[in-house]
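This report refers to the structure that appears directly beneath it.
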Amino acid sequence: MEKQGSRALLAAVIGMGVLLFLGSLALVGVLVHRMMHPAPPPVAAMAVAGPAVAGPDMPAQAALVVDEPPGTSVRSVTARADGLLAVALAGGGVAERIIVWDPAARRITARLVLGQP
C-alpha cells in the first residue's frame with residue numbers, strides 16, 4: 001500500500017515539474033515576443049470644442065484668425081498625441097514657420113520661425 005502511495009506522489013511531483021517547465025518556457029516566449037514586437041503607444045482622442053473656421057452658418061467672432069501675411073500656404077498639418085495640431089506654414093515673404101494650434105481652446109499656443117526668408 002505504501003508503495004502505491006509513493007508512486008502516486010512521484011507521478012504528481014514529476015507532473016508538476018513538467019508543468020513548471022512548460023510555464024517558464026511560455027513566459028520566456030511571451031517576453032521575447034513582446035520585446036521583438038512592441039505595441040505602439042496609445043493615441044489620445046482629440047476633443048474639439050467646435051468648428052475652428054468661419055462658415056456660412058457660423059458667426060465671424062467664432063472664427064480663429066491667424067496673423068499671417070497674404071500668400072502664406074499650409075505645407076502640412078500634424079496631429080499630436082496631446083490634442084494639439086502642428087501646422088507648417090511657408091510663403092508670404094516670411095521664413096518658413098510652424099505654429100502649434102490648440103483646437104479645444106481655439107488659440108495658437110506657440111510659433112517657431114525656422115530661418116530667414
Side-chain angles (χ1 to χ4, degrees):
M1 188 97 139
E2 209 174 301
K3 194 103 162 138
Q4 191 168 1
S6 63
R7 282 189 185 177
L9 183 60
L10 180 65
V13 168
I14 290 174
M16 284 187 263
V18 169
L19 287 176
L20 238 134
F21 179 74
L22 292 176
S24 298
L25 282 181
L27 181 63
V28 169
V30 167
L31 289 175
V32 168
H33 182 268
R34 286 188 181 177
M35 286 178 17
M36 300 299 286
H37 304 94
V43 177
M46 288 193 308
V48 179
V53 295
D57 58 343
M58 181 180 181
Q61 71 267 17
L64 174 69
V65 178
V66 180
D67 290 336
E68 294 296 330
T72 299
S73 62
V74 175
R75 287 274 175 105
S76 67
V77 177
T78 305
R80 297 178 12 161
D82 58 359
L84 301 178
L85 298 175
V87 182
L89 302 173
V94 184
E96 290 189 7
R97 58 232 176 256
I98 297 174
I99 59 173
V100 180
W101 174 37
D102 184 0
R106 305 175 69 96
R107 63 186 177 93
I108 303 298
T109 60
R111 291 180 188 270
L112 174 67
V113 178
L114 300 176
Q116 302 298 323

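- A pairwise comparison of heavy atoms in L84 and P103 identifies CA-CD, 4.4 Å as the closest pair.
- Between atom CG of residue L9 and atom CD1 of residue I14 there is a gap of 10.0 Å, rounded to the nearest 0.5 Å.
- The closest side-chain heavy-atom distance from T72 to V94 is not below 4.5 Å.
- One finds the CZ atom of R75 at 11.0 Å from the CD1 atom of I98 (value rounded to the nearest 0.5 Å).
- V77 is connected to L89 through a chain of hydrophobic side-chain contacts under 4.5 Å among Ile, Leu, Val, Met, Phe, Trp and Tyr, so both are in one cluster.
- Side-chain contact between T109 and R107 is present, with at least one heavy-atom pair separated by less than 4.5 Å.
- Scanning both residues, R97 and P69, for their nearest heavy atoms gives NH2-CD, 4.1 Å.
- Rounding to the nearest 0.5 Å places CD1 of I108 at 9.0 Å from CG of D102.
- Transitive grouping of hydrophobic side chains (ILVMFWY, heavy atoms separated by less than 4.5 Å) brings M36 and V28 into a common cluster.
- Summarising the geometry, atom CG belonging to L22 is positioned 12.5 Å from atom CG belonging to L27; distances are rounded to the nearest 0.5 Å.
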